[in-house]
Amino acid sequence: MWTSLDDVSENARFCRQTGQSVGQASRDAHTAWASLREHYQAPEGEDLYGAMDPVKASGDREWDVLDQAAGLMDAYADELMPVRQKLQVLEADARELRTRVAGGVWLTASDVTPSTVSIALSTVIGREAFKVLMHDGGSVPWHDRDGLFPRPEE
């Protein structure tokens, strides 16, 4: 299984090179075999010389198939490259955000207006904590309720 787009591109190059090697080897064998006509003549000669025609045709087919496969792999990698670049940007943004909020983010009742962010805030800090925040005017720390990030040092 491919683990990166670089692997896909490398496999495309390998496919293309393998196809070219197979095709060239079959053509070289066909050419070498055909050169026997100059040195060997016999009643069965044409049958003998024709025996390599399928080898050349098969080598050409394999070259075409492997070249097409390489083209599809290249197209796949090209299609995913913008996604890869966007993912790298998002990962960098996530690392920066995590660094920025690692010590916690404190919200007070004066920081929010219930009509605009109450639903979002209650989702982030939990409904009960939101009720306390709005009722008592207290502070509730930002936290990771799913346990994905370590708890900040107090």
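Just so we're clear, the structure is a prediction, and the values are computed from it rather than from any experiment.
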Quiz item: So, the side chain of Ser9 versus the backbone of Asp6: is there a donor-acceptor pair under 3.5 Å, distance only?
Solution: no

Quiz item: What distance separates Gln17 CD from Gln24 CD, expressed to the nearest 0.5 Å?
Solution: 14.0 Å

Quiz item: Is the number of heavy atoms from other residues, nucleotides or ligands within 6.0 Å of CD (Glu79) greater than 12?
Solution: no

Quiz item: To the nearest 0.5 Å, what is the distance between CZ (Arg84) and CG (Leu87)?
Solution: 9.5 Å

Quiz prompt | Tyr76 vs Val8 side-chain heavy atoms within contact, under 4.5 Å | solution = yes

Quiz item: How many angstroms lie between CG in Leu5 and CD in Gln85, if you round to the nearest 0.5 Å?
Solution: 9.5 Å

Quiz item: Do any N or O atoms from the side chain of Thr18 and from the backbone of Phe14 form a donor-acceptor pair under 3.5 angstrom?
Solution: yes

Exercise. Ignoring hydrogens and angles, tell me if any N or O in the side chain of Asp67 forms a donor-acceptor pair with the backbone of Trp63 under 3.5 Å.
Key: no

Self-check item: Member of Leu66, Val65, Asp74 meeting the side chain to side chain contact (heavy atoms under 4.5 Å, CB included) criterion with Cys15
Solution: Leu66

Self-check item: Atom pair CE/CD of Met73 and Glu10 - distance to nearest 0.5 Å
Solution: 10.5 Å

Quiz item: Taking C-beta and beyond as the side chain, do Val55 and His30 meet within less than 4.5 Å on heavy atoms?
Solution: no

Exercise. Look up atom CE in Met52 and atom OG in Ser26, then write down how far apart they are to the nearest 0.5 Å.
Key: 8.0 Å

Quiz item: Does the pair Lys56/Asp28 count as a salt bridge with the N-to-O cut at 4.0 Å?
Solution: no

Exercise. Please round to the nearest 0.5 Å and tell me the distance separating atom CG of Leu90 and atom CD of Gln88.
Key: 10.5 Å

